[in-house]
> 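What follows is a structure written as structure tokens; I'll ask about it next.
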Amino acid sequence: MNDSYTTTFTVPSTAAEVTDAITDPRAWWMTDIAGDTRQVGDEFSFEVPGVHYSRLRVTDLIPGELVVWEVVDGKVQFVADQDEWTGTRIRFAISSTDDGTTVRFTHEGLRPAVECYDACSGAWNLYAGASLRDLLVTGTGQPSSNPDEVTFQENARTSR
């Protein structure tokens, strides 16, 4: 059984529009992404200093069907095993339906057993589950220049 974090939603957009939105993570995830995000082999990164750094590579891109990013280097600095994200894969399965297009987002390797699961799945609920969906439905996402800071600060307060 795959217990990796997953969220699914359907939007009244075409599969091509969904692919375009996913491959523009600056519009729904992070505004401060460095690098290219639209072709297989592209690498991009972001950093929240002292909290989280990730470098990702586009490994699969089938327009209207699938987008996969591999985390080739990641440091989650608020957990003991800071390399928890390294080697994980972020998968967007796209399928056309009678109601539009369904997106099944899975962060393969982000499982309840890993320390950052609660904070990281909460962030994915916001970005992949809400911001990406809002971008597709309303034309406006809620990307952040600092996606982990609120959760990091909340965790720091509750652990005191």
> Any side-chain to backbone donor/acceptor pair from Thr19 onto Pro63? Under 3.5 Å, distance only.
no
> Compare every heavy atom of Asp42 with every heavy atom of Asp36, then report the nearest pair and how far apart it is.
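Looks like O-CB, 3.1 Å.
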> What is the minimum heavy-atom distance between Pro143 and Ala27, and which atoms define it?
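Where Pro143 meets Ala27 most closely, the heavy atoms are CD-O, 3.4 Å.
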> Show me the pairs that pass side chain to side chain donor-acceptor pair (under 3.5 Å) and involve residues 64-73, at least two apart or across chains.
none
> Just jot down the side-chain contact (heavy atoms from CB on, under 4.5 Å) partners of Arg26, sequence neighbours excluded, or say none.
Asp24, Ile33, Thr37
> May I ask you to decide if Glu108's main-chain N or O and Thr106's side chain share a donor-acceptor pair within less than 3.5 Å?
no
> Decide whether Val72 and Trp29 are clustered together by the hydrophobic rule: side chain heavy atoms of Ile, Leu, Val, Met, Phe, Trp, Tyr closer than 4.5 Å, transitively.
no
> Under 3.5 Å, is there a donor on one side chain and an acceptor on the other for Ser96 and Thr101?
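The answer is no; no qualifying pair exists.
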> Quick check for you: to the nearest 0.5 Å, what is the distance between Tyr127 atom OH and Ser144 atom OG?
3.5 Å
> Are His52 and Phe46 an aromatic pair by the rule of ring centers under 6.0 Å?
yes
> Provide the closest heavy-atom pair for Pro12 versus Val137 in the form atom of the first, atom of the second, distance.
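In this case the closest contact between Pro12 and Val137 is CD-CG2, 4.0 Å.
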> Counting distance only, does the side-chain N/O of Ser4 pair as donor-acceptor with the main-chain N or O of Arg111 below 3.5 Å?
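No: the side chain of Ser4 does not pair with the backbone of Arg111.
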> Are the side chain of Thr86 and the backbone N or O of Gly74 linked by a donor-acceptor pair below 3.5 Å?
yes
> Indicate, with yes or no, if Tyr53 and Val79 share a hydrophobic cluster defined by side-chain heavy-atom contacts under 4.5 Å among Ile, Leu, Val, Met, Phe, Trp and Tyr.
no
> Run Glu115 and Asp81 through side chain to side chain contact (heavy atoms under 4.5 Å, CB included) and show every step you take.
CA-CA 8 Å; Glu115 188 178 355; Asp81 179 3; 5.8 Å; no
> Could you measure the distance from the CG atom of Asp99 to the OG atom of Ser13? Nearest 0.5 Å is fine.
12.0 Å
> Is a side-chain N or O of Thr138 found less than 3.5 angstrom from the main chain of Leu135, in a donor-acceptor match?
no
> Test side chain to side chain contact (heavy atoms under 4.5 Å, CB included) on Cys116 and Leu110; report intermediate values, then the result.
CA-CA 8 Å; Cys116 83; Leu110 179 59; 3.8 Å; yes
> Restricting to non-hydrogen atoms, name the atom on Ile90 and the atom on Phe92 that form the minimum distance, rounded to 0.1 Å.
CG2-CE1, 3.8 Å
> Can any side-chain N or O of Glu84 pair as donor or acceptor with the backbone N or O of Val114 at less than 3.5 Å?
no
> Is Ile22 reachable from Val40 through a run of I, L, V, M, F, W or Y residues, each pair having side-chain heavy atoms under 4.5 Å apart?
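Yes, Val40 connects to Ile22 through the hydrophobic network.
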> Can you measure from CD (Glu47) to NZ (Lys75) and round to the nearest 0.5 angstrom?
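Atom-to-atom, Glu47:CD and Lys75:NZ are 11.5 Å apart.
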> Any chance you could lay out the side chain to side chain contact (heavy atoms under 4.5 Å, CB included) test for Phe9 and Leu132, step after step, and finish with the verdict?
CA-CA 10 Å; Phe9 59 87; Leu132 176 58; 4.0 Å; yes
> If you compare all heavy atoms of Arg91 against all heavy atoms of Leu66, which two are closest, and at what distance to 0.1 Å?
NH1-CD1, 3.4 Å
> Just verifying a value: how many Å separate Asp32 CG and Ser45 OG, rounded to the nearest 0.5 Å?
10.5 Å
> Hey, are Ser95 and Thr102 close enough side-chain-wise for a donor-acceptor pair under 3.5 Å?
no
> Tell me whether Phe44 is reachable from Val68 by hopping between hydrophobic residues (I, L, V, M, F, W, Y) whose side-chain heavy atoms are closer than 4.5 Å.
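No, Val68 does not connect to Phe44 through the hydrophobic network.
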> Salt bridge (charged side-chain N to carboxylate O under 4.0 Å, His left out): which pairs involve residues 48-63, sequence neighbours left out?
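Listed once each, the pairs are Glu43-Arg55, Glu43-Arg57, Asp60-Arg89.
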> Would you say the rings of Trp124 and Phe105 are close, in the sense that their centroids are separated by under 6.0 Å?
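For Phe105 and Trp124, the ring centres are under 6.0 Å apart.
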> Which heavy atom in Ala119 sits nearest to a heavy atom in Phe78, and how many Å separate them?
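Closest approach of Ala119 to Phe78, heavy atoms only: CB-CE1, 3.8 Å.
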